[in-house]
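One structure below.
Below, read A as the first sequence line, B as the second, and so on, with proteins coming before strands; counting in each chain starts at 1. Because only heavy atoms are used, hydrogens play no part in the values below, and waters and symmetry mates are left out as well, while side chains stay in. Source: prediction; values computed, not measured.
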Amino acid sequence: MRIQRATKKQATFNMTPLIDIVFMLILFFMLTLQLEKEQSGQVNLPKADQAELVEKVPPKSLSVIVLPDGRLIVNGKTMAIGDFEEQVYMGGIDPEAQDLVLRGDANVAFERIQDVMRAASLAGIVKVDLLASRETEDLSP
Amino acid sequence: MKASRLARRGDEGIQLNLVPMINMVFLLLIYFLFTMALETQEGVLETQTPSGQGEIAESAEDPEEREARVRIVRSADGVGIFFRGWPVSGLRDLASQLRPLPAETPILIDAAPDVSYQDVIRVQNVSIRSGHKNVVFTIPSG
């Protein structure tokens, strides 16, 4: 009588579906993060193909974001233009700030940009860096 | 007999399933397409605040060279652009008028308050493209 030896079967684990799910999750989080960025104060920069590449932000700079509704985000704090001007008048701006780095929404009225530049001028800032998106635009009016 | 049975087992060969590999390649492709589409390059356009502009206006001796003023106003069909008081037909026309000027001539952009920021940047972009990096803005005293 022949005794049949039990054949050893090795358990295999298919990694491919696991990696698929991981990539799907990465894509999902990337997309949701992008949507959150739009709601958290990032603006639609104006297009200018002649804008020079940003190597690094100057260390002592005043960062101002001009939102589409005219509000400002000054060094991370949201405020109205009147509050910013008051802060400048009261000497609340860092006296060592040498540059103004201005990130404005393309559709905002230029008056708001002028207000920010005027206030920065009163704070003693001379150099202004206007951030733009390096995209080519048609020259037709 | 045992040896021949063992030898036959080895004839089965190794099989490689390509489908998961192609699956992974496509997933990586989609991933990189998304990351490249979402990334926009930022650049800087330099200018000066009014406190720095006074020096530039006085540095040129010739009054004609001193003021290459570009006026931007809102009109019924978009924006109207005027160079030294004369209307220009568009940005290409403005570029052709700016090009002959010396490179160190400061371009003074006088934009109406209700003009959009994009329109002003467009004019500054054209000025730089025409060889004039020294662009300043008029700021009302408020």
Could you tell me which portion of [X] (side chain, backbone, both or neither) has an atom closer than 4.5 angstrom to a non-hydrogen atom of chain B?
| X | result |
| --- | --- |
| A:L27 | side chain |
| A:M24 | side chain |
| A:I113 | side chain |
| A:I26 | side chain |

Say whether [X] and [Y] are linked into one hydrophobic cluster, either directly or through other cluster members, by side-chain heavy-atom distances under 4.5 angstrom.
| X | Y | value |
| --- | --- | --- |
| B:L29 | B:I22 | yes |
| B:L27 | A:M15 | yes |
| B:F83 | B:V123 | yes |
| B:I109 | B:L101 | yes |
| B:V70 | B:V73 | no |

Closest heavy-atom pair and its distance - [X], [Y]:
| X | Y | result |
| --- | --- | --- |
| B:I128 | A:Q50 | CG2-CB, 3.8 Å |
| A:Q114 | B:T138 | NE2-O, 3.1 Å |
| A:A106 | B:S116 | O-CB, 4.0 Å |
| A:A51 | B:N125 | N-OD1, 4.4 Å |

### Query
Among A:N14, A:N107, A:L53, who wins on heavy-atom pairs under 4.5 Å with chain B?
A:L53
#### Entry: Closest-packed option against chain B by number of heavy-atom pairs under 4.5 Å, given A:L100, A:N44, A:L102, A:D105
A:D105
Between atom [atom1] of [X] and atom [atom2] of [Y], what is the distance when rounded to the nearest 0.5 Å?
| X | Y | atom1 | atom2 | answer |
| --- | --- | --- | --- | --- |
| A:T16 | B:N23 | OG1 | CG | 7.5 Å |
| A:L45 | B:Q118 | CG | CD | 10.0 Å |
| B:M24 | A:D20 | CE | CG | 6.0 Å |
| B:E42 | A:E135 | CD | CD | 10.5 Å |

Quick one: side chains of residues 63-80 of chain A, donor-acceptor pairs under 3.5 Å with protein atoms, not counting sequence neighbours, listed by atom name and distance.
residue	atom	partner	partner atom	Å
A:D69	OD1	A:R71	N	3.1
A:D69	OD2	A:R71	NE	2.8
A:D69	OD2	A:R71	NH2	3.3
A:N75	OD1	A:S63	N	3.0

#### Entry: Backbone N/O of A:K127 and side chain of B:E46: donor-acceptor pair under 3.5 Å
no
### Message
A quick test of your reading: do over 12 heavy atoms of other residues, nucleotides or ligands sit less than 6.0 Å from CZ of A:R134?
### Response
yes
### Query
Quick one: are B:R129 and A:D49 in side-chain contact, heavy atoms under 4.5 Å?
yes
### Task
Would you indicate whether the side-chain heavy atoms of B:Y117 and A:R112 approach each other to under 4.5 Å?
no
## Note on the structure
Quick note, ring pair (Phe, Tyr, Trp, His ring centres under 6.0 Å) partners involving residues 68-92 of chain A, not counting sequence neighbours, are none
### Interchain contact, B:V44 with chain A, by part (heavy-atom threshold 4.5 Å)
both
## Note on the structure
Counting heavy-atom pairs under 4.5 Å with chain A, the top scorer among B:A111, B:G78, B:A112 is B:A111
### Query
In terms of ring plane angle, is the pair B:F137 and A:F110 parallel, tilted or perpendicular, where the classes change at 30° and 60°?
tilted
